[in-house]
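Taking it in order: structure first as structure tokens, then the write-up.
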Amino acid sequence: MDFNYDKSIDDKWRKLWEEKKTYKFDKNSDKPKYYLLEMFSYPSGSKLHMGHWWNYSLPDSFGRMKRMQGYNVFQPVGFDAFGLPAENYAIKTGIHPKDSTQKNIETMEEQLKQLGATYDWDYEIKTNEEEYYKWTQWVFLKLYEKGLAYRKDAPVNYCPHCQTVLANEQASGGECERCHTKVEHKHLTQWFFKITDYAERLLDGLKDIDWPEKTKRIQTNWIGKNTGAKVVFDIEGHDEKIEVFTTRVDTLMGVTYVVLAPENKLVDIITTPQQKEVVEKYRQDVLHLSEIDRTSTVREKTGAFTGAYAIHPLTKTHVPVYISDYVLESYGTGAVMAVPAHDERDYAFANKFGLEIKRVIKNPNGDETLPFTDAGVLVNSGEFDGLSSQDAKEKIVKKLESKGAGEKTTTYRLRDWLVSRQRYWGAPIPVVYCEHCGIVPVPESELPVRLPYNVDFKPTGKSPLYYCDEFVNTTCPKCHGKAKRETDTLDTFVCSSWYYLRYLDPHNSKMPFDKKVTDKFMPVDKYVGGVEHAAMHLLYSRFVYKALSDMGYVSGQEPFKSLIHQGTILGADGQKMSKSLGNTVSADEYVAKFGSDVFRTYLGFGFSYTEGGPWSDDGILAINKFFQKIAKVFENFYNLKENDNKNIDEELEVWLNKTIKSVTADMENFQFNTSIARLMELTSAIAKYQQNNQINYSQEKYTVEAYAKLLAPLMPHYMEDVWQKLGHSASIFDESWPTYDEAKTLTKNVEIAIQVNGQIRARINIPADSGEDDMKKFALETETVQKYIDGKTIRKIICIKNRLVNIVI
RNA sequence: GCUGGUGUGGCGAAAUGGCAGACGCACGGGACUCAAAAUCCCGCGAGGGCAACUUCAUGUGGGUUCGACUCCCACCACCAGCACCA
């Protein structure tokens with residue numbers, strides 16, 4: 001294969017675009033705005049990989065179409081530059097994170113330019129720069145002022161390998177998201193964001209946004225709203241009370257014991273002297289369990305008796321109080337009422353500890369097996385006998401309310417967002433600890449709290465900043481006495497939770513962003529990124545946006561109006577591409593061989609954008625060939641002399657109109673593969689027409705120009721060049737997107753199918769848009785149809801315009 | 001376990017409930033050529049038939065409908081998210 005696409009065209013146009021500032025973003029334009037955003041990247045050391053190309057090139061094509069459709073498209077680029085890899089690299093090599101990050105960014109910038117995207121580099125942001133993280137700290141301070149950032153001693157997920165605390169979201173499954181080391185439990189004093197305050201609104205807002213259902217479901221599950229009841233148990237011999245949360249208050253009369261989480265504060269108070277030793281031993285055992293072991297569903301139930309008894313709020317029966325690690329301190333109230341007859345966990349526990357099992361719900365089908373966890377009819381429940389589970393829930397809650405012993409309530413699985421990291425390469429938390437004043441936020445005027453350059457990166461479990469005296473020792477902004485700085489840094493997800501705002505006003509030194517600008521351009525109209533961020537970045541950003549909105553800094557409730565997840569391009573073996581599997585494929589190689597336009601078009605053609613798939617370059621030669629055919633079409637036109645032939649070729653006209661229609665619709669939906677298929681058809685149609693001698697010059701000119709515009713988003717360098725050769729001096733991307741005439745999307749005659757009882761029996765050509773009567777007539781006249789209907793009674797004839805006729809006999 | 005998603009030729013894949021397999025790859029045949037490459041044309045789900053044609057086909061089994069890849073129910077397989085969440 002020796003095409004021939006001249007790659008110097010790419011270089012030529014990249015240079016010209018830069019010189020002419022073709023992609024200069026004008027925030028004052030009065031065209032309608034379109035904010036197109038791809039999730040920014042972490043600046044890793046290697047060159048742009050397939051995933052980057054996939055994530056950035058095709059959305060750029062989409063953006064180019066939008067631009068041609070008359071929108072003022074804002075499509076920025078930048079780097080999520082803080083984070084662990086750079087620091088781990090520093091520990092290994094001694095190269096400072098700032099230096100390695102800077103170098104990596106430079107490499108990636110060069111590479112991104114190769115892509116030929118419409119970025120305006122004046123709007124680039126790098127989250128590790130003071131100019132940016134100063135305002136990340138500002139976001140922290142605002143949340144703090146609003147009571148949404150707080151410090152507490154908490155059991156945290158700790159990764160012994162990365163030597164840092166992890167957010168709940170980064171430790172799911174009991175493993176460190178990054179290195180898959182088993183996460184340990186530690187008690188540390190940490191900063192949290194109160195995302196739980198927004199649980200309901202985060203759930204509610206999902207209704208109004210155009211996001212994939214899958215993603216909404218992940219967030220919904222993660223927030224985990226659950227409605228039920230709070231029930232209060234008195235404790236024998238104590239003033240304290242035990243509050244439990246249950247979704248099955250209908251089973252209240254079946255409670256035979258109560259279980260507290262081992263960490264529950266009541267445990268110390270209520271444990272009897274005789275049981276102290278057992279209880280303490282159990283608590284120690286639990287503490288040493290890894291997250292994985294503790295949450296394993298197959299592990300046998302364990303626990304200890306506290307010696308205390310709780311008093312049932314309705315029956316006044318005294319039931320024993322246990323502790324067990326199957327009750328989680330962080331969910332609900334950290335205590336449950338145990339109904340072994342109707343809950344599998346309680347059942348297993350009761351069996352192990354020889355506790356009473358009392359059936360209070362009858363299985364409607366008469367089955368006596370326990371545990372029975374579905375709804376049914378109440379028995380052994382005194383005044384509630386005979387009620388359905390549903391009715392009983394209402395009645396029992398009412399009864400509890402009247403006694404002040406319970407109420408309807410809602411809980412969420414969502415936990416507060418842990419933002420402290422015992423790491424160097426992040427934005428310092430802008431707080432000092434003063435001997436007199438306690439926790440003092442650094443005033444806005446003193447931001448940024450600068451990250452010092454000279455630190456020792458040895459991993460100790462504490463932030464390297466902890467050992468940096470010049471950083472730690474400071475004076476209190478309030479009383480000017482001696483104070484120490486917080487040495488933890490912010491989770492990088494804090495940086496990325498508001499970057500879409502800074503993009504719009506990246507060099508503002510007075511404020512994080514100008515509301516006049518963000519009001520004009522927010523929300524993001526189309527956000528493109530991986531689904532792996534569904535329960536993290538995408539949730540955090542929504543939270544931060546809502547909080548900023550509540551404080552009046554931004555308008556609206558949701559930052560990302562419409563979201564698309566790009567699929568993943570896997571290695572040829574169907575596994576995720578990774579260096580260790582040796583299945584990575586370099587984009588560079590292909591770009592060097594075929595040029596970036598061919599490569600981009602191939603990516604668009606070979607895979608579904610939202611699904612991705614295993615890498616294969618089987619079709620790339622076909623795209624190369626496609627470019628060749630395109631070249632020929634334009635060559636033919638350049639050689640065509642103006643003529644006075646007046647014959648309009650209607651077939652070509654139809655081809656063009658229907659291609660414009662479907663390409664526009666498919667590109668809009670990120671269906672690049674079908675757009676390209678339609679463009680291939682149009683290419684063949686034009687080529688065929690050009691072989692014909694009856695050529696009308698102005699029709700062909702019109703056709704090839706529209707054709708160039710349709711191709712332009714996918715092969716920007718090439719079509720820009722063609723456009724110039726066609727005699728235009730302006731950029732093709734300043735031209736308007738072709739429009740079509742619906743009436744011209746159909747040929748004069750269409751082929752329709754004729755079915756008899758749903759089976760296709762014939763195909764006939766009839767005039768387009770024939771009415772039902774004509775369709776019936778044509779169908780019944782058809783010879784091959786006759787033999788199927790001969791002598792039969794026709795019960796019904798169904799006609800679908802331009803498609804088919806179905807005769808039911 | 002729970003909740004989703006996916007399942008279509010040899011392969012990548014298309015199909016507002018309306019002609020399944022668009023567009024490509026691979027393959028086969030032909031034209032051009034001394035020959036090859038490139039290019040162009042034709043064929044290409046499976047079975048049966050010289051043929052016109054015909055039967056069967058969208059994971060499996062049912063259902064709704066004049067008509068189902070598409071909607072409903074059950075099942076199987078794979079993938080993903082969550083998982084002792086009371």
By the 4.0 Å heavy-atom rule, please label [X] as base, sugar-phosphate, or nothing.
{"X": "A:I798", "answer": "base"}
{"X": "A:R795", "answer": "nothing"}
{"X": "A:G606", "answer": "sugar-phosphate"}
{"X": "A:E751", "answer": "base"}
{"X": "A:V808", "answer": "sugar-phosphate"}
{"X": "A:F607", "answer": "nothing"}
{"X": "A:V259", "answer": "nothing"}
{"X": "A:T246", "answer": "sugar-phosphate"}
{"X": "A:E611", "answer": "nothing"}
{"X": "A:S608", "answer": "sugar-phosphate"}

Protein-nucleotide distance ([X], atom [atom1]; [N], atom [atom2]), rounded to Å:
{"X": "A:I623", "N": "B:A26", "atom1": "CD1", "atom2": "P", "answer": "12 Å"}
{"X": "A:L603", "N": "B:A13", "atom1": "CG", "atom2": "P", "answer": "14 Å"}
{"X": "A:Y326", "N": "B:A86", "atom1": "OH", "atom2": "C1'", "answer": "8 Å"}
{"X": "A:N226", "N": "B:A86", "atom1": "CG", "atom2": "P", "answer": "4 Å"}
{"X": "A:E329", "N": "B:C84", "atom1": "CD", "atom2": "P", "answer": "16 Å"}
{"X": "A:I620", "N": "B:A13", "atom1": "CD1", "atom2": "C1'", "answer": "17 Å"}
{"X": "A:I766", "N": "B:C19", "atom1": "CD1", "atom2": "C1'", "answer": "13 Å"}
{"X": "A:N221", "N": "B:A83", "atom1": "CG", "atom2": "C1'", "answer": "11 Å"}

Side chain of [X] only, please: which of [options] is the nearest?
{"X": "A:Q671", "options": "B:A15, B:A86, B:C82", "value": "B:A15"}
{"X": "A:I760", "options": "B:A22, B:C23, B:A20", "value": "B:A20"}
{"X": "A:I800", "options": "B:U39, B:G18, B:A22", "value": "B:G18"}
{"X": "A:A753", "options": "B:C25, B:C19, B:A22", "value": "B:C19"}
{"X": "A:R803", "options": "B:A86, B:C19, B:A15", "value": "B:C19"}
{"X": "A:N806", "options": "B:G67, B:A14, B:A86", "value": "B:G67"}
{"X": "A:E681", "options": "B:C23, B:A14, B:G81", "value": "B:C23"}

Presence of [X] side-chain N/O under 4.0 Å of [N] phosphate oxygens OP1/OP2:
{"X": "A:R413", "N": "B:A83", "answer": "yes"}
{"X": "A:R217", "N": "B:G4", "answer": "no"}
{"X": "A:Y788", "N": "B:C53", "answer": "no"}
{"X": "A:K625", "N": "B:C25", "answer": "yes"}
{"X": "A:Y331", "N": "B:A86", "answer": "yes"}
{"X": "A:N757", "N": "B:G67", "answer": "no"}

Using the [atom1] atom as the point on both nucleotides, what is the distance between [M] and [N], in whole Å?
{"N": "B:U70", "M": "B:G63", "atom1": "C1'", "result": "15 Å"}
{"N": "B:G1", "M": "B:C19", "atom1": "C1'", "result": "45 Å"}
{"N": "B:G61", "M": "B:A68", "atom1": "P", "result": "15 Å"}
{"N": "B:G24", "M": "B:A14", "atom1": "P", "result": "15 Å"}
{"N": "B:A22", "M": "B:U8", "atom1": "C1'", "result": "13 Å"}
{"N": "B:U60", "M": "B:G7", "atom1": "C1'", "result": "11 Å"}
{"N": "B:A57", "M": "B:G48", "atom1": "C1'", "result": "15 Å"}
{"N": "B:G12", "M": "B:G67", "atom1": "P", "result": "33 Å"}

Pairing partner of [N] (Watson-Crick or G-U wobble, both distances under 3.5 Å):
{"N": "B:A38", "value": "none"}
{"N": "B:U65", "value": "none"}
{"N": "B:A74", "value": "B:U60"}
{"N": "B:C23", "value": "B:G12"}
{"N": "B:C2", "value": "B:G81"}

When you measure from the centre of the six-membered ring of A:W211, is the NZ or CZ of A:R542 closer than 6.0 Å and no more than 45° off the axis?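 Judged by the rule, A:R542 and A:W211 form a cation-pi pair.
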
Establish, yes or no, whether a centroid distance under 6.0 Å links the rings of [X] and [Y].
{"X": "A:W655", "Y": "A:Y740", "result": "no"}
{"X": "A:Y347", "Y": "A:F349", "result": "no"}
{"X": "A:Y257", "Y": "A:F353", "result": "no"}
{"X": "A:Y322", "Y": "A:F305", "result": "yes"}

May I ask you to verify whether the side chain of A:R763 and the base of B:C19 hold a donor-acceptor pair under 3.5 Å? yes

Is any N or O donor-acceptor pair between the side chain of A:R248 and the base of B:A86 shorter than 3.5 Å? no

Where the side chain of [X] meets the backbone of [Y], is there a donor-acceptor pair that is under 3.5 Å apart?
{"X": "A:N765", "Y": "A:N749", "value": "no"}
{"X": "A:D343", "Y": "A:D346", "value": "yes"}
{"X": "A:K352", "Y": "A:E300", "value": "no"}

Quick check on RNA chain B: between A:Q759 and A:N673, whose nearest nucleotide comes earlier from the 5' end? A:N673

Most 5' of A:K796 and A:K629 on RNA chain B, judged by nearest nucleotide: A:K629

Does B:G10 count as syn, meaning its glycosidic angle lies within 90° of 0, or as anti? anti

Side-chain donor-acceptor pair present, A:S662, A:R678, cut-off under 3.5 Å: no

Answer with yes or no whether the side chains of A:H565 and A:T610 bring together a donor and an acceptor at under 3.5 Å. no

